[in-house]
Amino acid sequence: MSAATANERTNLLGLPKAELEAFVAEMGSKPFRARQLMNWMYKRGEGDITAMTDLAKDFRAELVQRAEVAVPEIVRTQVASDGTRKWVLSAGGGQAFEMVYIPEEDRGTLCISSQVGCALDCSFCSTAQQGFNRNLTTAEIVGQVWLAHKILGGESGWQAGDNRIITNIVFMGMGEPLANFRAVVPAIRIFLDDLGFDISRRRVTLSTSGLVPQIYKLAEEVNCALAVSLHAPNDELRSQLVPINRKHNIAELLEACWHYLDEQNGRSVTFEYVMLDGINDQPEHARELAKLLRDKPAKLNLIPFNPYPGTPYRRSPYAAIEKFRDELMQRGLIVTIRKTRGDDIDAACGQLAGQVTDRTIVRLGSKTFGLQVRA
Ligand code: SAH
């Protein structure tokens, strides 16, 4: 009998509870073993199967042969002057993706990626410029949160409950999460599961450019907060900025959003609106937008445009952004302006491009349990 290689081993990190139970059942074990494993991985941050001491010895020995807890390798870590951190993670084959941690007084938000690159071609987004490389796996998506917990926990170790460092997870890194539906949904299940990361459903936000059929599907599958990249108050302008609008227009998109809320008993959808100087930031745009969303369960989040090399767009002046907000608020809308964070390390919205400038990969983890973490 030959020993299983790392590639043949199942990554336990990508398995939601039901699948983990099926996995241990296949090994002839009881379902409670799945709970024990989740406890080790998500509550205690343990990545070494041999260290999971309350698992029966035989079971553990077999598990080491068949499974591992593997996370993406960190290629580079950067800390911005405002405390925002960005990690470049390896997707293998010289490709990379990014995650960003944004600390605030009352919360800590982890912004994760769902794909390497993106196929949607929004005209103002730097990720779009690199095109689409591949979907991330569930394990790579969950692995981001696991890694961030591990690193941010530092000496004090894993933190959960009231002391948790990551209070919010947003799919606002690289990629279109609804274009990677099959991997994203199980990841969300693990984020929400009380045996998993146990994050409340209102604190896990999926942001989409508007893949309408998948919004309907999502409503049937999981219960998390929804953010939608609107960026324009009419189809003509939106089709230029967010090309998927040519396939699914604003009316269809809004219909899908209200359906999502109905199904989920949700309170509101957050509409993201990037502020592009002279393009979509005029008072008439605000008035048109107000008509569209007035009396609807909607919140607006205005995002000052973050520039990147080669972009033809400029950020709207702050005064224009405030005026735009006031126009909307006067018409009864709930509006916030997103603080720009981490822009000195290109960690702000739309600046994630997976550049791999430093290809040195340092492995500190032990090969026996497949952990390759550089903390
Ligand atoms: N694909 C998802 C997640 C994208 S990133 C989506 O489209 O929603 C999260 C947000 O950042 C989106 O609203 C996106 O449109 C916005 N964004 C993209 N590029 C930006 C830029 N250069 N400046 C500011 N926001 C940007």
Side-chain angles (χ1 to χ4, degrees), residues 11 13-16 70-76 86-102 109-148 169-191 204-215 217-218 221-222 224-229 231 241-245 247-248 253 272 274 303 306 308 342 346-356:
N11 192 350
L13 220 44
L15 302 181
V71 294
E73 292 169 21
I74 297 178
V75 180
R76 195 149 76 116
K86 179 170 92 171
W87 293 273
V88 179
L89 304 172
S90 170
Q95 296 179 352
F97 58 101
E98 303 181 339
M99 66 168 176
V100 176
Y101 177 71
I102 305 151
T109 303
L110 190 70
C111 176
I112 60 172
S113 294
S114 56
Q115 299 181 313
V116 184
C118 187
L120 283 160
D121 211 22
C122 299
S123 64
F124 50 86
C125 179
S126 86
T127 304
Q129 308 301 310
Q130 76 175 85
F132 174 69
N133 294 306
R134 72 164 171 87
N135 281 329
L136 293 178
T137 63
T138 303
E140 286 169 323
I141 297 169
V142 173
Q144 293 172 65
V145 182
W146 195 93
L147 256 179
I169 298 175
V170 297
F171 279 91
M172 295 185 190
M174 292 167 72
E176 167 51 52
L178 291 185
N180 186 14
F181 196 88
R182 278 169 179 276
V184 164
V185 164
I188 295 175
R189 293 214 170 98
I190 293 169
F191 299 158
V204 175
T205 303
L206 183 143
S207 176
T208 178
S209 56
L211 270 60
V212 167
Q214 281 85 347
I215 295 176
K217 259 173 76 182
L218 190 71
E221 296 273 346
V222 285
C224 68
L226 183 65
V228 170
S229 295
H231 304 319
L241 301 175
V242 185
I244 189 76
N245 194 71
K247 203 162 168 195
H248 307 291
L253 176 58
E272 295 155 290
V274 65
I303 314 175
N306 294 306
Y308 52 88
D346 284 350
C349 309
Q351 291 184 317
L352 305 186
Q355 296 122 332
V356 187

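Within the 3.5 Å criterion, the main-chain N or O of Glu140 finds a donor-acceptor partner in the side chain of Gln144. With hydrogens and angles disregarded, a donor-acceptor distance shorter than 3.5 Å links the side chain of Ser113 to the backbone of Glu98. In this structure a side-chain-to-backbone donor-acceptor pair under 3.5 Å is missing from Asn180 to Asn135. A distance-only check finds a donor-acceptor pair linking the side chain of Arg134 to the backbone of Ala91 [under 3.5 Å].
Between Phe191 and Cys224, every side-chain heavy-atom pair lies at or beyond the 4.5 Å cut-off. By the 4.5 Å heavy-atom criterion applied to side chains, Asn11 and Thr138 are not counted as neighbours. At a threshold of 4.5 Å between non-hydrogen side-chain atoms, the residues Met99 and Leu147 count as touching. Annotation: side chain of Lys86 is not in contact with side chain of Arg76 (no heavy-atom distance under 4.5 Å). With contacts defined as side-chain heavy-atom distances shorter than 4.5 Å, the pair Ser114/Leu136 does not qualify. The shortest distance between side-chain heavy atoms of Pro177 and Ser207 does not fall below 4.5 Å. Contact annotation: the side chain of Leu211 never approaches that of His248 to less than 4.5 Å [non-hydrogen atoms, C-beta and beyond].
When all heavy atoms of Cys122 and Ala128 are compared, the pair lying nearest together is O-CB, 3.5 Å. Scanning both residues, Gln115 and Phe132, for their nearest heavy atoms gives NE2-CE1, 3.5 Å.
Between Phe124 and His231, the ring-plane angle classifies as perpendicular under the 30° and 60° cut-offs.
For the atom pair SG (Cys118) and CD (Gln129), the distance works out to 11.0 Å, reported to the nearest 0.5 Å. Taking CD of Gln130 as the reference point, atom SG of Cys125 lies at 9.0 Å (rounded to 0.5 Å). Rounding to the nearest 0.5 angstrom, the gap separating the CZ atom in Phe181 from the CD1 atom in Ile188 is 8.0 Å. In this structure, Ile102 CD1 and Met172 CE are separated by 9.0 Å, a value rounded to the nearest 0.5 Å. Between Ser229 atom OG and Leu253 atom CG the span is 9.5 Å, to the nearest 0.5 Å.
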Next on the checklist: side-chain contact (heavy atoms from CB on, under 4.5 Å), that's the test. Do Leu178 and Val184 meet it? Break it down for me.
Outcome noted: CA-CA 8 Å; Leu178 291 185; Val184 164; 5.9 Å; no
Checklist entry - When you look at Leu89 and Ile74, which way does the side-chain contact (heavy atoms from CB on, under 4.5 Å) test go after all the steps? => result CA-CA 5 Å; Leu89 304 172; Ile74 297 178; 3.6 Å; yes
Checklist entry - Can you list the steps and then say if Phe171 with Thr205 is a side-chain contact (heavy atoms from CB on, under 4.5 Å)? => result CA-CA 6 Å; Phe171 279 91; Thr205 303; over 6 Å; no
Checklist entry - Which is it for Ile190 and Leu13 under the side-chain contact (heavy atoms from CB on, under 4.5 Å) test, yes or no, and what are the steps along the way? => result CA-CA 9 Å; Ile190 293 169; Leu13 220 44; over 6 Å; no
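Applying the side chain to side chain contact (heavy atoms under 4.5 Å, CB included) test between Ile169 and each of Ile112, Ile141, Leu206 identifies Ile112 as the sole match.
The closest side-chain donor-acceptor pair between Thr208 and Gln214, if any, does not fall under 3.5 angstrom.
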